[in-house]
Every structure is written in C-alpha cells, then in structure tokens.
Amino acid sequence: MLRIFSYGDEQSALKQHLHRSVTFDAGVQKVVQDILADVAARGDRAMREYTLKFQGISPDSFTVSAEEIDAAWQNADPEFIAVLEEAYRNIEAFHRHELDKSFFYEQENRVILGQRVTPLDSVMLYVPGGKAAYPSSLLMNVAPAQVAGVKEIHLTSPCDADGRVSDHVLVAAKVAGVSTVYKFGGAQAVAAFAFGTESVPKVDKITGPGNKYVALAKKEVFGHVSIDSIAGPSEVVVIADSQANPEFVALDLFAQSEHDPDAASICITDSPEMAEAVKAKAEEMIGSMARADVIREAFSSNGAIIVTRDMAEACEVSNMIAPEHLELHVRNSWEMLPDLRHAGAIFMGDYSCETVGDYFAGPNHTLPTNGTARFFSPLSVRDFVKYTSIISYSPEELRRTGERIARFADHEGLQAHAEAVRARLRTL
C-alpha cells in the first residue's frame, strides 16, 4: 500500500513516482472553453441550461433567499454554529496581522513618493458543493476579503436537484456575514462572474477551490479577472524522526489521502525502523477508515515513505517536493525550520496536526499545490488589495534631474518620452 523508498539508492524511481502534472487534457480544455464562450455570449440563458444539465434543476432565482439562509441557521446544531464562530474569529484575527498600510515619504525639493493600498471592489468566492460541502473553505476565503475591506463579496456553491445549497455552507455564510449566495457551480460559475450576465455581476477577482473544470476555467479567464491560483490535488509531507508516534503519522497521511485518489501523502524519515512502523500502522488501521478505498488508491498512486541518511537530507527532499502541507514530527522542529524553504504551511511538532490548520488555528488553508509553494503563497489579505504608486515631482526637482531622465529615454530610442521632459524644462 505504502512503498518505502531509500532516497540514496532510488532517487530516479522516487522522482518518477512523485511527479505531479499541472496540465489538463484536451477533452477538459474543450469542454471548459465551450462553456466559457457560451456563457459570455448568452448570459443567463446559458447559465440556466448548464445548471439544469449539471445540477438537475433550472432555478427560478440564481440566489439563495434570506428565508433559506435563516431556515438553515434555525435547524443547525448550536455546537456547530459555536465552533464556526470561534474558528472565524481565529481566522480573522490572524489575517488582521497581514494588513499593509499605505505609506508616503518626502525627499528634497518637495518630492513626495508613496504607495497607496486599496481593497478590490468585488470578489466571487467559490465554495465546492458537489461530492462534499466545505464550510471551512468559505470561512477561509471570506475572512481575508473582509479584513481587506472588499465591499462586494459574492459566494457561489452548487445546489442539488431540489435547488438547495448545503445547510452547512449557508450557516457558515451567515457566520461570516455574507448574505449573497448563488446556487450554481462548475466552469459556468467562473464564466458568469468573469464576464457578467444579466443577473450575475462581473467581479474583480475569483478565489476558492473546485474540481478540474473549475480550476481550468479560472486559468482561462485570468486577465478578465484576477484569480488566486490553479489548485491541484492536495498533498502533505510528514518529516518524522525516530521518536515520532507512528499512529499520529499514519493518521495524518490518511487525513490527506481521504480527500481524493489523486492526493499525495508522503512520510520522510531518517529512521528505517520508523519507516517500517508507519507502514505497519497504516496497514493495521486502514480498515477502520470510512474512506478506506480512496485512501488505498491515493497511497498506491501517490503515497510514499522515504528513508534518508539524516534530517538534513530529509529537509532537502522536502524542499524538492515543495509540499502544500508540511508536518514536523521531530524533537527539534524550530531548529529545522530555517532549512525548510518551500512549503505552503508548516506544522510544528507532534500536536500541530494539519487538521488544526484546516479548520481552526487561523492561518489560511488555501495553499499552493503541485510544488508551486516554491513561488506561491497562501491566500491572504494581500490577495484582496491592490497597490498604487504615488509620485509627486516638484518643478525644482525636475529642473535638477530632468535632462538626465531625458537622456535615459534617448538611450532607449523613445523620443516622445524624452521630449515630454524637455518641454517642461523649457518652461522652468
């Protein structure tokens, strides 16, 4: 089920086993491109047809009514509401620390330079609702947008054949203070908010996870709107030393792989005994898992236990993978941290399991996948603001530096750039 690799002896086989693709097959691309073009051309009419085709209903209204949201709230378990509220407070509190401030500074000759930070006007946050509904994703997407100060926050989540959006999603929306919830999904939802229809507003940015059709649709509409990232299957790396708890490690690998057969769960250890113990514990416990078949498939296709010479090499392997989630089941996690350059989120120590971050701790669980943690970051407040440079030059400073600036433009062969400066110099 979980294959053990010796990094020193099997690097080539390991890299081939762990290879992740970020491409989409031609069939998916054709479907998505056709949907995008159709929604752009026919608006609401196309949206109703696709909602009927993929969700089994042609709704009278694309939005969930206030009465439906209130009913979901009234029927919800009060303990569930309480934990959502506490989690949301934690997420908001973390993201408030990310807020950037505008700045201005003055140089000689009354020159003022600066940068203004302003929130985006409108965003659409996609919440999956097909095989499973994820209110945690809703909280993680709404919080940084709200902290950033976005005025219009629209949610969309696929409804079922009765026209109902998951009650858990609606309760989470109410906790987060969002009242506009649309009831469609898929590539057509991305198209509607990227281009706008008669009933759906065009937004500035689209965020949130989805299946391969949603991911490719976001990629295709980039430029019409901004997007957060192109999310791939989820992944975790667990670095474990000889003192780690094999049950903790096995369960954390299970937790990742139960998402999806394409999910990747990898243990890296410098202890051959720990490698065997984790493998044995996983085989012992797999039968008790409700999603055992999914986990087995994920382990077979994308799982691995990697034995390294030492912890320095374990860090090297982890950096090569650049995982979405990285757990450190080691005695000296803070000492190792400087050597770990590439990861979406790092969980420090045996009791900082990924589940804590997925739901409750506060840092965002929308993380870079497919090795893109080498150059991408978690979703944050910075995704929902934009930065504008401010330049205020005085006549005195232009008189002092203008000819040098014009000559710079001359060297690039841009006459009008140079003459725009020299025309002003002639007035001074």
Side-chain angles (χ1 to χ4, degrees), residues 64 66 68-101 117-120 122-129 132-157 165-181 205 207-209 228-229 231 234 252 255 324-327 343-368 377-385:
V64 178
E68 290 175 281
I69 296 175
D70 289 341
W73 182 270
Q74 293 300 323
N75 294 329
D77 180 353
E79 291 186 3
F80 177 58
I81 293 175
V83 75
L84 285 176
E85 290 174 335
E86 188 175 0
Y88 196 64
R89 288 195 297 271
N90 293 341
I91 298 164
E92 277 192 311
F94 177 85
H95 285 296
R96 278 196 289 272
H97 288 281
E98 295 176 333
L99 277 168
D100 285 340
K101 295 181 179 179
V117 183
T118 52
L120 302 181
S122 61
V123 298
M124 182 274 269
L125 313 179
Y126 189 96
V127 183
Y134 295 108
S136 59
S137 291
L138 187 155
L139 301 183
M140 292 288 179
N141 277 263
V142 172
Q146 286 191 333
V147 170
V150 176
K151 293 179 181 178
E152 296 181 18
I153 298 176
H154 306 279
L155 297 175
T156 192
S157 187
V165 170
S166 163
D167 281 355
H168 288 170
V169 168
L170 297 182
V171 171
K174 193 171 180 70
V175 166
V178 178
S179 58
T180 307
V181 181
K205 186 158 193 168
T207 74
D228 50 353
S229 64
S234 198
D252 290 356
E324 179 186 14
H325 308 92
L326 172 59
E327 294 187 1
I346 302 177
F347 299 80
M348 310 290 289
D350 291 350
Y351 294 92
S352 304
C353 60
E354 182 197 323
T355 310
V356 172
D358 277 351
Y359 295 107
F360 199 76
N364 211 284
H365 80 193
T366 304
L367 303 169
S377 305
L379 190 71
S380 73
V381 169
R382 291 177 285 274
D383 286 289
F384 295 98
V385 299

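Below, all heavy atoms of this structure are taken into account, side chains as well, without hydrogens, waters or symmetry copies.
For the pair Thr156 and Met124, the minimum side-chain heavy-atom distance is below 4.5 Å. Counting heavy atoms from C-beta on, the side chains of Val381 and Arg96 never come closer than 4.5 Å. Contact annotation: the side chain of Val165 never approaches that of Glu68 to less than 4.5 Å [non-hydrogen atoms, C-beta and beyond]. Between Val142 and Leu155 the shortest side-chain heavy-atom distance falls below 4.5 Å. Side chains of Pro209 and Pro128 form a contact here, defined as non-hydrogen atoms less than 4.5 Å apart.
In this structure, Lys205 does not pair ionically with Asp228, as no charged nitrogen and carboxylate oxygen lie closer than 4.0 Å.
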Please assess Asn141 against Leu379 for the test side chain to side chain contact (heavy atoms under 4.5 Å, CB included), listing each intermediate value before the final yes or no. CA-CA 8 Å; Asn141 277 263; Leu379 190 71; 3.5 Å; yes

Give the C-alpha distance, both sets of side-chain angles, the deciding distance and a yes or no for side chain to side chain contact (heavy atoms under 4.5 Å, CB included) between Asp100 and Val385. CA-CA 9 Å; Asp100 285 340; Val385 299; 5.8 Å; no

Starting from the C-alpha separation in whole Å, work towards a yes-or-no answer on side chain to side chain contact (heavy atoms under 4.5 Å, CB included) for Phe384 and Thr207. CA-CA 10 Å; Phe384 295 98; Thr207 74; 3.9 Å; yes

Assess the residue pair Trp73 and Ile81 against the criterion (side chain to side chain contact (heavy atoms under 4.5 Å, CB included)); give the C-alpha distance rounded to whole Å, side-chain angles, the decisive distance to 0.1 Å, and a yes or no. CA-CA 8 Å; Trp73 182 270; Ile81 293 175; 3.4 Å; yes

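The shortest heavy-atom contact between Ala143 and Ile91 is CB-CG2, 3.4 Å. Annotation for Ile69 and Ser179: closest pair CD1-O, 3.8 Å, computed over non-hydrogen atoms. Nearest heavy-atom pair, Ser352 versus Phe347, reported as atom, atom and distance to 0.1 Å: O-CB, 2.8 Å. Considering all non-hydrogen atoms of both residues, Ser136 and Asp358 come closest at CB-O, 3.9 Å. Between Pro135 and Phe80, the shortest heavy-atom distance links the atoms CG-CZ, 4.2 Å. The two residues Leu326 and Ala343 have their closest heavy-atom pair at CB-CB, 4.0 Å.
Atoms NE2 and OH, on His365 and Tyr134 in that order, are 10.0 Å from each other to the nearest 0.5 Å. Separation of atoms NE2 (His154) and OG (Ser122) is listed at 5.5 Å; rounding is to 0.5 Å. A distance of 11.0 Å separates CG of Leu125 from OG1 of Thr180, quoted to the nearest 0.5 Å. Atom-to-atom distance recorded for Arg89:CZ and Leu139:CG is 12.0 Å, nearest 0.5 angstrom. Atom-to-atom distance recorded for Leu120:CG and Ile153:CD1 is 10.5 Å, nearest 0.5 angstrom.
Between the Asn364 side chain and the Ser380 main chain, no donor and acceptor come within less than 3.5 Å of each other. Ser157 places a side-chain N or O within donor-acceptor distance of the main-chain N or O of Val127, the cut-off being under 3.5 Å. Gln146 places a side-chain N or O within 3.5 Å of a backbone atom of Ala176 that can act as its donor or acceptor partner.
At most 12 non-hydrogen atoms from other residues, nucleotides or ligands lie less than 6.0 angstrom from NE2 of His168. Counted within 6.0 Å of CZ on Phe94, heavy atoms from surrounding residues, nucleotides or ligands total more than 12; the atom is thus considered enclosed.
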